[in-house]
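Within every chain, numbering begins at 1; the chains are lettered A, B, ... in the order of the sequence lines, protein sequences first and strands thereafter.
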Amino acid sequence: MAVRVPAGFQALPLPIAQLSLAAVLKCGQSFRWSIFPLQISGNTPLQHVDPTHEYRLCLRDRVVCLRQSPDTLFYRSLFPTGVLGDQEQREAETLAWIRDYFQLDIDLVNLYRQWSATDPVFNRIQDRFEGIRMLRQDPFENLISFICSSNNNISRITKMVGSLCRTYSPALLHLAPPAGSDLVEEPYHPFPSPSSLAAPEVSAQLRALGFGYRADFIQKTAAMLVEAHGVNRSPKTSSEPSEEWLMTLRDKDTAAARTELLNFMGVGRKVADCVLLMSLDKREVIPVDTHVQQIATKYYGFRGPTKTGTMSPKLYEEVSSKLTAVWGDYAGWAHSVLFTSDLKSFASYGLASPSTPSTPSTPGLTPDRHSASSQDTAGIATPRDSMPKSGKRKRGGSNRSLETKTREAEIEETLVQLEAVVEDAISEGTVDLSLADRVKRRRRGTLSTR
DNA sequence: GGGCCACCCCTA
DNA sequence: AGGGGTGGCC
């Protein structure tokens, strides 16, 4: 079938199983992508393979625009007016950026195969959560964004990062929405530089913007970076020395890089591990938040939090290393798939998306309407050979009309499915927990949180 | 040196 | 009341 390339875009052949923008760009890795629904022309035979969304990210010198069909990634980049440049070379640069940012040299399908072979829990959910891979983000942006993430949720973090960019970095250019009949142009801001966040007044300003106690963390961390590494002569055009220094942490080993990150204000073990995994190439690292903790205890049978419900460093290390043992070298990547599958906003992912009709583009992704009530899963082993037995749900578990389901119902459904899947695996005894013991403990020095 | 508690703001 | 934690204090 001929690929229909949107005007102005370049085409890169790429199976959706290798990368799902819809999943990856809003699963809590990056908080800065703009997402626009596209108007799908009504009665074309190719309708079902046309992209449904456009995704945009403002880099330092350009805005990257992406669209995706089941087998192709479409890309283009837009520049401020008046800047001269060889368009062909620019697209080549953008392609290089894409390959790096999405780490396309890593064969995700092969990783899914390996995780499925060793982890029955993963095996059961893999088909529903295709194409979830780790981004290779800018370390400074990643660090600041995840300082914002404590006691927080994705939508609020997204708003905070947005106002951070609007307030502390000038707009690179203005663009109208892709399918907009409305011609309202919106500004696109790059992520702010360390020096622009380091000024003393930033702390109070961020507080006024609703950052809460994180306001001080951000200003102090930025100030620490600038203090230690200085500022450029021409800060607008290139990255600052401290940003370059953060990049060099990619060349250090995990423990050494983590120690450096833990020095910054507002950065504890969890945030440090997020940065290690998401921008410093430490692919085996598993950040343990309360959510992952729950997955570990409920689905993998690990021991839960001790008395107080708060996560002790000891427990953190235990959960993290055991999950690393389950998933191996790319454990952090696998964790991301499980984590995303359990995200509330992804409750309907793989079943059907409200805005996207079910298509042949995802063969084998049979919409799974099987579900069990939460009572069913409590202590009752589900049948091993088939789907969890269907139970009655509020909105009707076998209802094809997904539009009539509330988001809440879909959330519940997916959570219940996941739960059943894991209980299967546990009752089958196919989760090899003893693997955990083979994993060498990290050096003591790296365990201490300052 | 492990264990509490406040922190700031939003949603339930 | 508690959340996709952390820093400061016992």
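- Taken together, the paired segments of DNA chain C that extend over three or more consecutive Watson-Crick or G-U pairs, each closer than 3.5 Å at both contacts, are B:2-7 with C:5-10, B:9-11 with C:1-3.
- Residue contacts for Phe339(A): at a heavy-atom cut-off of 4.0 Å it reaches a base atom on one of the strands shown.
- Of the candidate nucleotides dG4(C), dC7(B), dG7(C), dC7(B) has the atom nearest to the side chain of Asn151(A).
- For the C1' atoms, the distance from dA1(C) to dC5(B) is 16 Å, rounded to whole Å.
- Atom CZ of residue Arg56(A) and atom CG of residue Leu25(A) lie 14.0 Å apart, to the nearest 0.5 angstrom.
- When the P atom is used for both dG2(C) and dC4(B), the distance is 16 Å, rounded to whole Å.
- Here the nucleotide nearest the side chain of Ile154(A), chosen from dC8(B), dG7(C), dG4(C), is dG4(C).
- Checking the phosphate oxygens (OP1, OP2) of dC8(B), a side-chain nitrogen or oxygen of Arg207(A) falls inside 4.0 Å.
- In terms of position on DNA chain B, the residue among Gly212(A) and Ser155(A) whose nearest nucleotide sits closer to the 5' end is Gly212(A).
- Residue Leu262(A) contributes atom CG, which lies 9 Å from atom P of dT6(C) at whole-angstrom precision.
- Between the CZ atom of Phe264(A) and the P atom of dG7(C) there is a distance of 12 Å, given to the nearest Å.
- Heavy-atom nearest nucleotides on DNA chain B were determined for Arg214(A) and for Lys159(A), and the one closer to the 5' end corresponds to Arg214(A).
- Distance, Asn153(A) CG to dT11(B) C1': 8 Å, rounded to whole Å.
- Computed from coordinates, the Gln29(A) CD to dG4(C) P distance equals 17 Å when rounded to whole Å.
- Salt bridge status for Arg207(A) with Asp216(A): present, with a side-chain N to carboxylate O gap under 4.0 Å.
- Atom CD1 of Ile157(A) and atom C1' of dT11(B) are 14 Å apart (whole Å).
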* To do: Verify side chain to side chain contact (heavy atoms under 4.5 Å, CB included) between Ile295(A) and Leu323(A), making sure each step is shown before the conclusion.
  => CA-CA 10 Å; Ile295(A) 292 177; Leu323(A) 287 176; over 6 Å; no
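- The existence of a salt bridge linking Glu318(A) and Lys322(A) is confirmed by a sub-4.0 Å separation between a basic side-chain nitrogen and an acidic carboxylate oxygen.
- DNA chain C is contacted by both Phe217(A) and Phe31(A); Phe31(A) maps to the nucleotide lying nearer its 5′ end (nearest heavy atom per residue).
- If you check every strand for non-hydrogen atoms under 4.0 Å, Val271(A) touches sugar and phosphate atoms only.
- The distance from atom OH of Tyr213(A) to atom P of dC10(B) is 13 Å, rounded to the nearest whole Å.
- Between the base of dG5(C) and the side chain of Tyr316(A) there is no donor-acceptor pair shorter than 3.5 Å.
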* Please lay out, stage by stage, how Glu317(A) and Arg269(A) fare under the test side chain to side chain contact (heavy atoms under 4.5 Å, CB included). => CA-CA 10 Å; Glu317(A) 182 61 22; Arg269(A) 176 68 192 263; 3.0 Å; yes
* For side chain to side chain contact (heavy atoms under 4.5 Å, CB included), just list the numbers for Asp342(A) and Thr340(A), CA-CA rounded to whole Å, side-chain angles, deciding distance to a tenth of an Å, and then say yes or no. => CA-CA 5 Å; Asp342(A) 205 40; Thr340(A) 303; over 6 Å; no
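- Put simply, OG on Ser34(A) and CG on Leu57(A) are 8.0 Å apart, with the number rounded to the nearest 0.5 Å.
- Glu284(A) contributes no side-chain N or O that, together with a main-chain N or O of Tyr330(A), makes up a donor-acceptor pair within less than 3.5 Å.
- Whole-Å rounding puts the Lys220(A) NZ to dT6(C) P distance at 16 Å.
- For the P atoms, the distance linking dC9(C) with dC8(B) amounts to 15 Å, nearest Å.
- In this structure, CD1 of Ile144(A) is placed 15 Å from C1' of dT6(C), rounded to the nearest angstrom.
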